[in-house]
Structures are given as structure tokens and as C-alpha cells.
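Accompanying notes for the structure given below.
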2 protein chains.
Amino acid sequence: MLTTERRQFILEILHRNKKVLSSELSNELKVSEDTVRRDLRELAEAGLLQRVHGGALLTSPATASYADRQKQAPKEKEAIAKSAAKLVRPGQVVILDGGTTTLQVARHLPLDLVATVVTNSPPIALALAEHDRIEVIMLGGRLYKKALVNVGTTAIESLRSIRADICMLGVCSLHPEVGISVANLDEAHVKRAMIAGAAEVIGLATEAKLDTAANYVVAPIQTLTYLVTAPSVDLKRLAAYAALGLTIIQEI
Amino acid sequence: MLTTERRQFILEILHRNKKVLSSELSNELKVSEDTVRRDLRELAEAGLLQRVHGGALLTSPATASYADRQKQAPKEKEAIAKSAAKLVRPGQVVILDGGTTTLQVARHLPLDLVATVVTNSPPIALALAEHDRIEVIMLGGRLYKKALVNVGTTAIESLRSIRADICMLGVCSLHPEVGISVANLDEAHVKRAMIAGAAEVIGLATEAKLDTAANYVVAPIQTLTYLVTAPSVDLKRLAAYAALGLTIIQEI
DNA sequence: TAAAATAACGCATTTTCACGCAAAATTTAA
DNA sequence: TTAAATTTTGCGTGAAAATGCGTTATTTTA
């Protein structure tokens with residue numbers, strides 16, 4: 001049985017049963033579990049299924065992908081969020097990009113912080129609704145459901161009239177040469193407008209995002225003033241970024 | 001059953017029953033309470049539920065006042081929402097005002113409905129993210145936390161360039177002579193712009209809102225094309241409104 | 001205040017995963 | 001067609017995840 005054939009078969013089973021187990025597939029297909037896992041890994045990267053411990057599940061459309069990402073490396077994201085939240089000074093105007101990491105930042109802002117937050121992410125706006133003294137400015141636009149952010153000219157236009165102190169960007173992919181890149185063109189445009197509207201730009205990145213690139217480039221690395229990562233990330237992996245002039249923040 | 005599967009199941013139960021008990025889940029899922037607790041802990045960290053002694057509750061979507069209102073007359077609101085949701089025809093462009101009743105409407109829209117929804121309410125935008133075929137246009141602006149809606153010139157400006165088929169308005173106060181009125185000036189402005197941007201206007205009102213008035217008048221009663229109320233409301237109470245030319249809808 | 005229920009913590013066990021390496025299979029090039 | 005290069009696969013190892021149990025703390029209730 002050909003590799004491609006086998007993978008097709010896995011997808012069929014998955015759509016019939018809504019889930020597959022690595023162990024069962026290994027038995028049924030007469031290949032080792034390693035091979036099955038490799039298949040699942042490939043298929044997951046292609047977005048055709050959702051890997052979980054023990055096998056895989058159907059990728060539920062739209063918002064599910066967001067919920068999934070919320071579960072990825074939650075510890076690391078929380079560590080980053082805590083550090084990043086401390087960078088916001090009272091009275092500042094902050095542009096907060098959408099994303100699961102920035103959502104954590106919003107949650108970790110002190111409840112009594114006086115500030116203005118500009119965001120294109122409905123979940124972040126809701127999280128900040130509990131912060132009495134934070135003024136929330138929501139950027140409108142078409143809701144891009146995969147990332148739960150508003151995109152389009154409306155958002156970009158609104159950003160033109162905003163001069164923020166800092167901008168916190170959840171970077172999807174970061175590469176010393178390629179720069180900051182994302183998987184969606186609309187998102188790239190909005191992020192670029194956010195960067196243009198702030199004096200300082202803070203990038204938030206989990207380790208998995210380092211040294212990777214996506215299809216749409218937002219800006220070169222030097223655009224960032226700070227790069228916040230988890231304390232667990234090896235300094236060697238960050239050397240290339242530090243060399244480009246960024247200040248690396250791993251813990252405050 | 002896979003771990004991820006189990007956690008999804010817990011979330012489903014939670015959304016259905018508004019609460020879950022560790023002991024019940026342990027029985028139902030045939031796993032130890034430890035495991036259930038671990039699941040709840042993880043899900044809570046992801047912000048998907050709120051842990052309490054004995055189990056978990058739904059995450060408060062936002063501020064207390066909003067959550068409180070969501071608890072007021074839930075049956076009545078649901079009845080109204082079901083009727084109102086049926087008024088949306090495939091392919092239409094719908095302006096959906098913020099509010100607890102309109103949020104229910106969003107939730108009751110068919111999952112396969114093809115439509116465009118324009119809203120200034122982050123909770124509604126999020127609820128609609130699960131509807132694959134609904135395009136969501138979010139109106140930006142300053143977040144008015146008490147009602148969780150975006151207000152201000154940005155929202156009003158955006159509405160100027162929209163011609164919707166219908167507009168669904170959660171009315172705060174309704175009075176035959178005063179008209180539609182609300183407690184906040186900014187909200188009044190936005191609602192007026194919404195009305196101006198739609199061919200038909202549908203008002204949603206629980207019984208408690210009939211024959212009351214608030215400080216800021218949005219528009220006269222005749223602005224409404226339909227008034228949707230719960231079937232439990234006595235027709236006599238609605239006579240005055242019917243006399244003004246509205247079509248009363250109590251159940252479909 | 002005491003008893004009961006619920007939670008948290010540490011630990012051991014089992015299962016599942018990831019990674020490197022070498023053999024086998026497949027594709028590409030000479 | 002043969003040889004070289006690439007890909008795929010299976011296995012061994014160690015790491016990580018998931019789970020249940022015993023114990024101790026905390027909260028709730030009577």
C-alpha cells in the first residue's frame with residue numbers, strides 16, 4: 001500500500017468515525033505506530049485533521065481551530081503574557097493584536113490599571129470589559145473567524161488616526177531573514193498598520209514560532225523593539241535576533 | 001475515549017446545563033474524579049470555563065451587570081429569540097444590535113444559514129464565529145462595557161455605508177407616546193444609525209420593557225416594522241402598539 | 001466544632017510520543 | 001539497466017503525557 005493511499009485511508013476512517021487511534025490504525029494498516037504517527041503529523045500540518053494524544057480528531061471548522069490553539073503550550077504562553085503585561089505603564093495607549101498569547105496578556109493586565117487598549121479582537125475586548133479603568137477601542141471590520149480578529153480596510157483606516165505608545169504583536173512566524181510573517185494576507189495588512197501606529201513594537205513569540213516563516217511577510221525583524229519569549233527558551237536560539245538589535249525579554 | 005474528546009464532551013455538557021459536577025462527570029465518563037478535576041483545571045486555564053468548588057460553571061462572558069441581565073427572564077428571551085431568528089431569510093444582510101436578547105437570536109440562527117450580519121456587539125460576533133456561512137461585519141468604536149457594544153462616531157460612520165435588509169433592535173424601553181428609548185446617549189445614537197441603515201426594523205421586547213421610558217429617545221414607535229414579544233404577553237398590553245401600525249409577532 | 005465532601009499533592013504505572021539511526025523501498029540520474 | 005540519491009519505514013531509547021491511588025489540606029455543611 002502506497003504512503004499516499006494509506007493517508008487517504010486514514011482520512012476516510014476519520015470522517016466516518018470522527019476519530020482515529022494510532023494503535024488501531026497501526027493494527028489495521030499493518031504498519032508501525034511510528035509510521036501512523038508520522039502520517040498523522042503530516043496530515044495535521046496540512047490542516048486535514050487535529051492531532052491529539054492517542055490519535056487524531058476531525059478539525060472542527062472556524063472557531064475550533066482557535067480553541068485548539070488556545071490549548072497549545074498554555075504554560076509557555078502564560079509565562080510570556082505575564083512578562084509582557086508588566087511592560088504596560090499606567091496611562092499608556094496600547095495596541096493589542098489578536099491571538100491566543102495576546103489574549104493572555106489582556107487577562108494578566110492589573111485590574112486597576114488605567115490605560116487605553118486598541119484591539120481588533122473581540123475576545124480581547126470582552127476580557128478587558130472586566131477591567132473597569134481600561135478604555136477599550138475596538139477596531140471594526142470583517143471578522144476573520146480562524147483567528148477571531150477583525151480585518152479589512154475599516155480596521156486599517158481606524159488605525160491611521162491612532163498614535164499609540166506601544167503595540168503588542170502576537171507573531172505567527174519569526175525568522176531572522178524573512179522577518180515577521182503570517183498565514184493570511186488580511187492579517188498581514190492589519191498588523192502592518194498596527195506597527196505603523198505605535199512608537200514601540202513588542203513581539204510575543206513562543207519557541208515553536210522562532211526560525212519559521214509563513215506566506216505573507218509583515219515587516220522585517222528590526223521593526224520590533226522588544227521580543228518577549230518564555231524563560232525556558234535557550235539564549236542561543238535567540239542570538240540571531242539579539243544581533244539584529246532587538247531587546248530580548250524572558251522574564252521580569 | 002481520548003482525553004481531548006472527553007474535554008470536548010465536558011464543554012458540551014457545560015453549555016447545555018450551564019454547570020457540571022466533578023462527581024457526575026466522573027460517573028458518566030468512567031474516569032476518576034482526579035482526572036475530571038485535571039480536565040477542569042486545564043479548561044479553566046484556557047479560559048473555557050470557570051472552576052468552582054464541586055465542579056465548574058460557564059465563563060462569565062463579561063461584566064457582572066451583563067451576566068445579571070442574561071439571567072433575567074431567560075425563558076421569555078429565548079422564546080422571543082426563536083421567533084426572531086426565523087425572520088431572517090437566506091442571503092439577507094442583517095444589522096444585529098447588542099443586548100442579551102439579540103445574542104440569543106444570534107445563537108438561534110441556523111448553523112447553515114447563508115447571510116451577512118453587521119453588529120456592534122463582540123459577544124454576538126463571537127457567537128456567530130461558529131456559523132461557517134455567516135459573514136460577520138463588526139462595527140468598531142469605544143466599548144461601552146455595561147452593554148458590551150461598541151459606540152461612537154466610528155460605528156455610526158460605518159453604518160452610513162451599509163444598506164441592510166433588516167435590523168433587529170433589542171429595545172430597552174418602549175412606550176406608545178415616547179417611542180423607543182435607552183439609558184445611554186451613545187447607544188441611542190448608534191441605534192438610530194442602525195435604523196437608518198435598514199429597510200425593515202424589528203424590535204425585540206420582553207414584557208417588562210413595555211410601556212416604559214428611559215432618558216434618551218431613539219425613535220418613534222412607528223419606526224418599527226415588527227414587534228416581537230413572547231407568546232405569554234397579553235394582547236391587550238400590545239393593542240396600543242398594534243394601533244400605531246406595527247405588526248406584532250408572538251410566535252412563528 | 002465536627003463530620004463530610006471536595007481538592008490538591010506526590011508518586012508509580014502505563015501508554016503514547018519523539019528522535020536518531022540503519023535497513024528497505026522508491027525515485028532519479030548516469 | 002545500473003548506480004546513486006532520496007524517501008520511507010521500523011526499532012531502540014528516553015522523554016512526555018495521562019491516569020489512578022494514597023495522603024494531606026481545604027472547603028462546605030450540619
Side-chain angles (χ1 to χ4, degrees), chain A residues 1-11 13-14 17-59 67-79 100 206-212 230-234 236-237, chain B residues 1-11 13-14 17-59:
Chain A
M1 184 179 246
L2 266 49
T3 308
T4 321
E5 216 180 339
R6 191 181 57 234
R7 292 186 180 166
Q8 199 61 43
F9 184 76
I10 292 178
L11 286 178
I13 300 277
L14 180 62
N17 302 349
K18 314 295 180 202
K19 73 162 175 180
V20 290
L21 303 181
S22 312
S23 50
E24 282 185 9
L25 286 175
S26 166
N27 271 318
E28 202 150 343
L29 296 163
K30 310 291 180 206
V31 292
S32 73
E33 292 202 16
D34 272 79
T35 304
V36 171
R37 273 193 275 274
R38 270 186 273 250
D39 286 344
L40 295 182
R41 211 180 304 167
E42 292 287 322
L43 293 168
E45 262 172 49
L48 297 166
L49 52 77
Q50 180 200 339
R51 281 207 75 187
V52 299
H53 196 87
L57 298 173
L58 276 179
T59 39
D68 290 345
R69 273 182 294 130
Q70 211 155 20
K71 287 172 207 151
Q72 283 171 14
K75 299 262 161 57
E76 192 183 355
K77 282 177 187 170
E78 198 172 338
T100 51
T206 52
E207 183 159 19
K209 290 169 182 171
L210 296 175
D211 304 323
T212 63
S232 54
V233 180
D234 191 339
K236 282 183 211 148
R237 289 208 63 183
Chain B
M1 184 179 239
L2 294 162
T3 309
T4 316
E5 233 182 325
R6 190 182 58 235
R7 291 186 181 163
Q8 281 177 8
F9 183 78
I10 291 177
L11 285 179
I13 300 278
L14 180 63
N17 303 349
K18 315 299 178 200
K19 70 164 180 182
V20 288
L21 303 180
S22 311
S23 50
E24 282 184 10
L25 286 174
S26 166
N27 270 318
E28 201 150 346
L29 296 163
K30 311 287 180 207
V31 293
S32 73
E33 293 202 15
D34 272 85
T35 303
V36 171
R37 273 192 275 273
R38 271 186 273 250
D39 286 344
L40 297 182
R41 211 179 304 162
E42 292 288 324
L43 293 168
E45 254 176 58
L48 272 49
L49 51 77
Q50 189 193 329
R51 288 207 68 189
V52 295
H53 196 87
L57 300 172
L58 281 177
T59 337

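Both backbone and side-chain heavy atoms feed into the values below; hydrogens, waters and symmetry mates do not. So you know, we letter chains A, B, ... as the sequences are listed, proteins then strands, and number each from 1.
Partner T4(B) forms a side-chain contact (heavy atoms from CB on, under 4.5 Å) with one of K19(A), Q50(A), H53(A) and no other, that one being Q50(A).
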Produce the list of close N/O pairs, under 3.5 Å, pairing protein atoms with atoms of nucleotides 15-21 of chain C; give distances to one decimal.
residue: dT16(C); atom: O3'; partner: G54(A); partner atom: N; Å: 3.2
residue: dC17(C); atom: OP1; partner: V52(A); partner atom: O; Å: 3.4
residue: dC17(C); atom: OP1; partner: G54(A); partner atom: N; Å: 2.4
residue: dC17(C); atom: OP1; partner: G55(A); partner atom: N; Å: 3.3
residue: dC17(C); atom: OP2; partner: S22(A); partner atom: OG; Å: 3.3
residue: dC17(C); atom: OP2; partner: R37(A); partner atom: NH1; Å: 2.4
residue: dA18(C); atom: OP2; partner: R51(A); partner atom: NH1; Å: 3.2
residue: dC19(C); atom: N4; partner: D34(A); partner atom: OD2; Å: 2.8

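Between the CZ atom of R6(A) and the C1' atom of dA25(C) there is a distance of 12 Å, given to the nearest Å. A straight line from CG of L43(B) to P of dA18(D) spans 12 Å, rounded to a whole angstrom. Rounded to whole Å, the distance from CG on D39(B) to C1' on dT6(C) is 16 Å. In this structure, E42(A) places its CD atom 11 Å from C1' of dT7(D), rounding to the nearest Å. In this structure, the CD atom of E24(B) is 11 Å from the P atom of dT6(C), given to the nearest Å.
Annotation: side chain to side chain donor-acceptor pair (under 3.5 Å) contacts of S32(B) (sequence neighbours excluded): T35(B). Taking R51(A) as the reference, nothing meets the salt bridge (charged side-chain N to carboxylate O under 4.0 Å, His left out) condition, with sequence neighbours excluded.
OP1 or OP2 of dG10(D) lies within a sub-4.0 Å distance of a side-chain N or O belonging to T35(A). Remark: T3(A) is not in phosphate contact with dT7(D), judged by side-chain N or O atoms under 4.0 Å from OP1 or OP2.
Between I10(B) and L29(B), the closest heavy-atom pair is CG1-CD1, 4.1 Å. For L40(A) against A56(A), the heavy-atom pair with the smallest separation is CD2-CB, 4.1 Å.
Between E45(B) and R41(B) no salt bridge is recorded (no basic side-chain N to carboxylate O distance below 4.0 Å).
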